[in-house]
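Please read the structure below before turning to the comments.
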Amino acid sequence: MKRVSLKLDRNRYDIHIGPGALGQAGRWLEESGLGGKLVIITNPIVNELYGGSLKQQLAKGGAEVVVLEVPDGEEQKSLETAGRLYHELTSHHVERTTPILALGGGVIGDLAGFVAATYLRGVPLVPIPTTLLAQVDSSLGGKVAVNHGQLKNQVGAFYQPRLVISDTDTLKTLPPPELTNGLAEVIKSAAIRDSGFFAYLEANMERIKALDGGVLEEVVFRSAHIKAEVVAKDEKDTGLRGILNYGHTIGHALETASDFGLGHGEAVAIGMLAAGRISCQMGLLQSGELDRLKRLVEKAGLPARMPALDLARLTAAMTHDKKISGGKIRMVLLKSIGSAAITDQVSGELIEQALRG
Ligand SMILES: NC(=O)c1ccc[n+]([C@@H]2O[C@H](COP(=O)([O-])OP(=O)(O)OC[C@H]3O[C@@H](n4cnc5c(N)ncnc54)[C@H](O)[C@@H]3O)[C@@H](O)[C@H]2O)c1
Ligand SMILES: [Zn+2]
């Protein structure tokens, strides 16, 4: 079992990572002073796989456990579903000290986190992420949100959890495309911050795909470590934290322009390589390093080529993206494998060239 500590200005919390971590949830909750009544928010798929044993374990330890299910799917990240959950929390007499455990992927994490941040002006939140994306990215850093209209994550808060429990064994039941999806964020973390980890991924990608327990633990640990370190330096996302958007400026435009035919991980993979090409063109990155990134993306089973999309729509989607400062497009570029920089100095011409592939 491994542990990452996220140290913020006003508080700190632990992220427990490893195979079988779920089995120790009761102990860690107790150590954090959380008990009595507990609410688990989850979906039917994850509840069926992991909810029952978690509930049993916590009840055995003397807790009163309330399980609230929401249907699976991104469309549940809504004010409507949050409203329904508030209603249920009230009917179960949930108090300000009652923790909410968010058991599931990023959708459950963002929704249950938003509910925890706002119900009674905030109840303790404990994410128990069960997808690779959630374990390495969405459960860490305190961003919680729901979608509003067509706009993703439009209504939300910064709300830090009390602890995070990442059981890497849960990744073994993930549909393979979901594992691949999360690998885009893993590769991103290594590419922007840790060349040693990048080399580790190059050497171990087959073992990750084969769900080797020790390798999965190491991958989640090292990715979480990178995110925790970046968030600790810039909790409210006003500077350094922007490097976590590597591949995302172009990636988000690709998701939009493909009408979400491209998955998030796929779009980020293509976006990372496009930003990599721009980095080379601007003389920041050596082409050999870009080749390494491309090979690793392909090894992970992610796409590397720009799909045939309408260039005008792509460009329009990019200029509407929120990662724009003062009318200029803000992008994360690579200086080398393991080192990134944020700039608004990329010319429109270079961006267009990168979007052409
Ligand atoms: N808050 C943040 O900082 C942040 C960062 C990145 C992404 N996000 C958000 O995360 C969401 C995407 O999260 P996601 O990729 O985890 O998707 P998800 O939550 O939809 O999960 C993907 C699928 O896997 C299923 N699943 C979850 N765990 C499983 C398991 N162990 N075994 C089998 N099936 C399992 C889910 O039911 C779902 O069908 C998006 O809404 C995105 O906006 C938030
Ligand atoms: Zn992402």
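These numbers were taken from a predicted model, which means no experiment stands behind them. Just follow the structure's listing: the first ligand is 1, and inside any ligand the first atom is 1.
- Closest to atom 21 (O) of ligand 1 among all protein heavy atoms lies T131 CG2, 3.6 Å.
- In summary, the aromatic rings of H92 and H87 are positioned with their centroids too far apart to meet the 6.0 Å limit.
- Residue Y50 approaches ligand 1 through these ligand atoms, each under 4.0 Å from one of its heavy atoms: 31 (N).
- Contacts with ligand 1 closer than 4.0 Å are made by side-chain heavy atoms of L49 only, the backbone lying farther away.
- A salt bridge links E352 with R356; the closest basic N to acidic carboxylate O contact falls under 4.0 Å.
- The cluster map of Ile, Leu, Val, Met, Phe, Trp and Tyr, joined by side-chain heavy atoms under 4.5 Å apart, puts L314 and I351 in the same cluster.
- Checked for salt-bridge contact, K227 and E185 miss the test: no charged N lies under 4.0 Å from a carboxylate O.
- Nearest to atom 6 (C) of ligand 1 among the protein's heavy atoms is D137 OD2, 3.6 Å.
- Of all the atoms in ligand 1, the ones that sit under 4.0 Å from a non-hydrogen atom of K152 are 40 (C), 41 (O), 42 (C), 43 (O).
- Listed by number with element, the atoms of ligand 1 under 4.0 Å from a non-hydrogen atom of T170 are 30 (C), 31 (N).
- Heavy-atom proximity to N43, at under 4.0 Å, picks out these atoms of ligand 1: 36 (C), 37 (O).
- If you check which protein heavy atom lies closest to atom 39 (O) of ligand 1, you get D72 OD2, 2.7 Å.
- Atoms of ligand 1 found under 4.0 Å from any heavy atom of N181 (numbered from 1 in listed order, with element): 15 (O).
- Closest heavy-atom approach to atom 8 (N) of ligand 1 within the set P129, S138, G105: this belongs to S138.
- In this structure, R12 pairs ionically with D14, as a charged nitrogen and a carboxylate oxygen lie closer than 4.0 Å.
- In this model, a donor atom of one side chain and an acceptor atom of the other lie less than 3.5 Å apart for K209 and T180.
- Within the 4.0 Å heavy-atom criterion, the part of N153 lying near ligand 1 is the side chain and not the backbone.
- Numbered from 1 in the order shown, with element, the atoms of ligand 1 that lie under 4.0 Å from a heavy atom of L133 read 7 (C), 10 (O), 12 (C), 13 (O), 14 (P), 15 (O).
- Here the side chains of V39 and T98 are in contact, with some heavy-atom distance below 4.5 Å.
- Using modelled atom types, one finds a donor on one side chain and an acceptor on the other under 3.5 Å when comparing T238 with D234.
- Each of R292, K294, K299, R207 was evaluated against E202; a single residue qualifies, R292, per the salt bridge (Lys or Arg N to Asp or Glu O under 4.0 Å) test.
- In this structure, K143 does not pair ionically with D110, as no charged nitrogen and carboxylate oxygen lie closer than 4.0 Å.
- Y119 has its side chain out of reach of L85: every pair of non-hydrogen atoms, C-beta onward, lies at least 4.5 Å apart.
- Counting only heavy atoms of the protein, atom 20 (O) of ligand 1 lies nearest to V107 CG2, 3.4 Å.
- The angle that H264 NE2 and E185 OE2 make at the Zn ion (ligand 2), rounded to 10°, works out to 90°.
- Atom 28 (N) of ligand 1 has as its closest protein heavy atom T130 OG1, 2.7 Å.
- For atom 3 (O) of ligand 1, the nearest non-hydrogen atom from the set E178, K143, Q76 comes from K143.
- Using a cutoff of 4.0 Å between basic side-chain nitrogens and carboxylate oxygens, E95 and K37 are not scored as salt-bridged.
- Counting heavy atoms from C-beta on, the side chains of L211 and L179 come closer than 4.5 Å.
- For the pair V65/L101, no side-chain contact is recorded, criterion being any heavy-atom separation below 4.5 Å from C-beta on.
- At under 3.5 Å, a nitrogen or oxygen of E74, whether backbone or side chain, sits near a nitrogen or oxygen of ligand 1.
- For T173, heavy-atom contacts with ligand 1 shorter than 4.0 Å involve the backbone as well as the side chain.
- From the protein, the heavy atom lying nearest to atom 35 (C) of ligand 1 is L174 CD2, 3.8 Å.
- Of the heavy atoms in H264, none comes closer than 4.0 Å to ligand 1.
- In the hydrophobic clustering of ILVMFWY residues, with side-chain heavy atoms under 4.5 Å counting as a link, Y86 and V123 come out together.
- Atom 13 (O) of ligand 1 has its nearest heavy-atom neighbour, among S139, G106, G141, G265, in G106.
- Within the 4.0 Å heavy-atom shell around ligand 1 one does not find G73.
- Summary of contacts: the protein heavy atom closest to atom 34 (N) of ligand 1 is P175 CD, 3.8 Å.
- Contact annotation: for V46 versus ligand 1, heavy atoms closer than 4.0 Å belong to the side chain alone.
- Residue contacts with ligand 1, taken as heavy atom pairs separated by less than 4.0 Å, do not involve E185 at all.
- At a 4.0 Å heavy-atom cut-off, ligand 1 touches D110 through the side chain alone.
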